[in-house]
Number of protein chains: 2
Amino acid sequence: MATTATGGARTPLSRARVLDEAIGYADTHGLDALSMRTLAELLDVVPMALYKHVRSKEALIDGMVETVLATLPAADLAGVGPESWRAVARSRILAARSALQRHPWMWRALETRAAPTPAMLDHMEAMIQILRRGGLGPVLTHHAMHALGGRIWGFTPEVASSGPAPADPAEIAAAMAAMRERWPGVLESAMSARHEAGSAVGPGCDDDAEFAFALDLLLEGVESRHFAGWPSPARATSH
Amino acid sequence: MATTATGGARTPLSRARVLDEAIGYADTHGLDALSMRTLAELLDVVPMALYKHVRSKEALIDGMVETVLATLPAADLAGVGPESWRAVARSRILAARSALQRHPWMWRALETRAAPTPAMLDHMEAMIQILRRGGLGPVLTHHAMHALGGRIWGFTPEVASSGPAPADPAEIAAAMAAMRERWPGVLESAMSARHEAGSAVGPGCDDDAEFAFALDLLLEGVESRHFAGWPSPARATSH
DNA sequence: GACACGAGGTGTACGGTGTACACCTTCGAG
DNA sequence: CTCGAAGGTGTACACCGTACACCTCGTGTC
């Protein structure tokens with residue numbers, strides 16, 4: 001393709017353009033479908049051209065992660081204190097969650113990063129500051145960060161989340177029968193979440209509510225440890 | 001390679017042998033390094049021979065997961081009741097953790113499975129039964145399973161877990177300096193975990209203790225919800 | 001004992017991947 | 001006007017998963 005002779009002088013490549021295009025494609029087609037070749041084609045460019053703006057595919061994904069993370073609102077640590085830290089932590093985590101929810105590939109990308117990127121460290125730093133300003137000591141803060149774990153990022157990896165439904169009525173009936181006899185608890189548990197009238201067997205489970213449930217469990221537990229003067233006195237061991 | 005002429009009649013391939021070899025290789029070299037070609041070479045066989053025992057690479061990994069999960073001790077639900085469910089749940093999760101710890105590739109394999117395999121469902125079923133026999137209602141059980149999330153499997157995906165240490169003193173000094181000024185909380189939090197005298201900058205963080213900490217937070221929270229008659233009365237919302 | 005059959009191992013080939021390397025074009029600074 | 005570098009191109013390589021046709025046995029049947 002001639003560059004200028006065809007009439008449309010395309011906008012020159014740039015790191016930002018590469019990253020944005022990659023993010024948009026991953027949003028709609030998934031991270032697996034994103035290859036250097038398809039990305040290059042999207043940008044009307046030859047695959048190797050990408051390498052002038054991105055060191056490797058791994059670095060490309062790092063860049064995508066950084067770009068998305070950069071959209072997180074900066075933490076406002078001004079008035080954070082013993083009374084408010086829990087609410088501030090909660091809302092920040094929920095904000096991160098809603099930001100990441102728009103990019104389904106993020107959870108996997110975050111998990112497979114070998115080293116934390118600066119933006120990841122920024123977010124962790126903000127969380128730690130919230131805890132520390134709430135009055136938690138460094139040790140409890142450390143444990144709390146571990147406990148919150150993936151929740152810091154606004155997601156919990158759900159085992160068996162998606163996957164295309166069978167759709168064949170006979171097939172789902174058979175699956176249900178198998179469930180009923182071999183995994184009745186799983187079946188009951190899955191069913192128990194359908195508060196509203198839903199379709200046949202759809203999950204009908206409010207992910208956001210589940211997330212908040214676990215999040216509150218953790219935050220309350222951390223707070224009660226804190227109130228109990230953790231860890232200086234006898235540490236409360238389970239049963 | 002002649003089959004019998006060379007003298008050593010190799011043991012014939014079998015699904016179990018394929019799976020075992022794959023597991024052993026993944027244990028030492030990681031899941032990424034495991035390709036059908038290298039696995040075939042390990043078994044002194046041509047790549048396509050594997051497909052007589054395994055439908056696809058995806059199915060191979062499913063089989064590996066099933067094989068490892070099959071080593072989990074069967075749940076003993078006999079005496080589980082309101083007094084003991086929490087301890088039983090705790091010990092089962094910790095048992096699963098120690099089993100999976102010997103196969104570092106498992107956490108990633110579990111997460112990337114599209115649908116839950118039978119052995120996964122077995123384990124979930126056992127967990128659900130423990131909760132139900134403890135007296136928890138189906139709804140609270142459901143939420144608890146979500147809350148426990150990845151912990152059910154005995155691991156928590158740690159952001160920034162491993163990665164080869166820089167080893168160059170100058171480099172780590174520079175990293176430390178950058179940390180101190182930009183991510184002081186992260187630095188403090190990382191440092192706070194080194195209870196014993198450790199090497200220069202090693203993590204020195206007791207993963208098992210962290211895991212148990214979060215686990216207890218969740219279990220205690222679930223129990224307190226249960227005691228409070230959850231969810232029938234006014235649900236305790238944070239703040 | 002002859003023979004067919006099917007399970008299991010082989011060889012070749014195809015379309016995909018990431019990316020190293022040499023090349024060419026273009027444009028702005030001196 | 002020149003020159004050097006930044007950025008886009010083309011070719012090539014090694015590797016991946018796996019479809020398909022083939023061959024080679026051990027075994028059950030007549």
Side-chain angles (χ1 to χ4, degrees), chain A residues 1-23 25-26 28-65 105 108-109 112-115, chain B residues 1-23 25-26 28-65 105 108-109 112-115:
Chain A
M1 312 305 174
T3 53
T4 56
T6 58
R10 57 187 171 183
T11 47
L13 229 45
S14 74
R15 182 173 165 85
R17 230 161 70 77
V18 169
L19 258 27
D20 287 345
E21 194 73 37
I23 289 171
Y25 189 80
T28 58
H29 296 80
L31 200 56
D32 286 329
L34 179 72
S35 77
M36 298 303 269
R37 285 172 155 88
T38 62
L39 179 55
E41 196 163 354
L42 251 41
L43 292 161
D44 192 24
V45 124
V46 98
M48 286 311 292
L50 301 175
Y51 286 85
K52 296 286 186 206
H53 302 274
V54 144
R55 191 144 32 91
S56 66
K57 187 179 185 182
E58 204 69 359
L60 168 73
I61 299 177
D62 276 347
M64 293 166 66
V65 167
W105 48 271
R108 200 174 136 194
T112 52
R113 284 322 79 195
Chain B
M1 314 297 179
T3 53
T4 56
T6 58
R10 58 188 169 179
T11 46
L13 229 45
S14 73
R15 183 174 163 85
R17 227 160 73 77
V18 169
L19 259 25
D20 287 345
E21 195 74 39
I23 289 170
Y25 188 80
T28 58
H29 301 258
L31 200 55
D32 286 329
L34 179 71
S35 76
M36 297 303 268
R37 284 172 155 90
T38 63
L39 179 55
E41 197 163 353
L42 251 41
L43 291 162
D44 192 24
V45 124
V46 98
M48 286 311 292
L50 302 175
Y51 286 85
K52 291 285 168 38
H53 301 274
V54 145
R55 191 144 31 92
S56 67
K57 187 178 186 183
E58 204 69 359
L60 168 74
I61 299 177
D62 276 346
M64 293 165 66
V65 167
W105 47 272
R108 201 174 137 193
T112 52
R113 283 323 78 196

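Chain letters run A, B, ... following the sequence lines, proteins first, then strands; residues in each count from 1. Nothing here was measured: the structure is a model prediction, and the numbers come from that model.
Every residue meeting the side chain to side chain donor-acceptor pair (under 3.5 Å) condition with A:S35, not counting sequence neighbours, appears here in chain and number order: A:T38. For B:Y25, the ring-ring contact (aromatic ring centres under 6.0 Å, His included) test picks out B:H29, with sequence neighbours left out.
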Q: Determine, step by step, whether B:L60 and B:L50 satisfy the side-chain contact (heavy atoms from CB on, under 4.5 Å) criterion, reporting the C-alpha distance in whole Å, the side-chain angles of both residues, the deciding distance to 0.1 Å, and the verdict.
A: CA-CA 9 Å; B:L60 168 74; B:L50 302 175; over 6 Å; no
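Rounding to whole angstrom units, CD of residue A:E41 and C1' of D:dT9 are separated by 15 Å. We find that CZ of B:R15 is positioned 13 Å from P of C:dG8, with the value rounded to whole Å. In this entry the distance linking CG of B:L50 with P of C:dT10 reads 10 Å, nearest Å. Here C:dC27 presents its P atom at 17 Å from NZ of A:K52, a figure rounded to the nearest Å.
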Distances for protein N or O near nucleotides 15-18 of chain D N or O, under 3.5 Å:
residue: D:dC16; atom: OP1; partner: B:S35; partner atom: OG; Å: 2.9
residue: D:dG17; atom: OP1; partner: B:K57; partner atom: NZ; Å: 2.8
residue: D:dG17; atom: OP2; partner: B:M36; partner atom: N; Å: 2.9
residue: D:dG17; atom: N7; partner: B:R37; partner atom: NH1; Å: 2.4
residue: D:dG17; atom: O6; partner: B:R37; partner atom: NH2; Å: 3.0
residue: D:dT18; atom: OP2; partner: B:Y51; partner atom: OH; Å: 2.7
residue: D:dT18; atom: OP2; partner: B:K57; partner atom: N; Å: 2.9
residue: D:dT18; atom: O5'; partner: B:Y51; partner atom: OH; Å: 3.4

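Counting all heavy atoms, side chain and backbone alike, A:V45 lies closest to A:A49 at CG1-CB, 3.4 Å. The two residues A:P47 and A:R37 come nearest to each other via the heavy atoms CG-CG, 4.0 Å.
A salt bridge is absent between B:R55 and B:D62; no separation between the charged side-chain nitrogens and carboxylate oxygens falls under 4.0 Å.
Dashed line: the shortest gap from a side-chain N or O of B:H53 to OP1 or OP2 of C:dG9 is under 4.0 Å.
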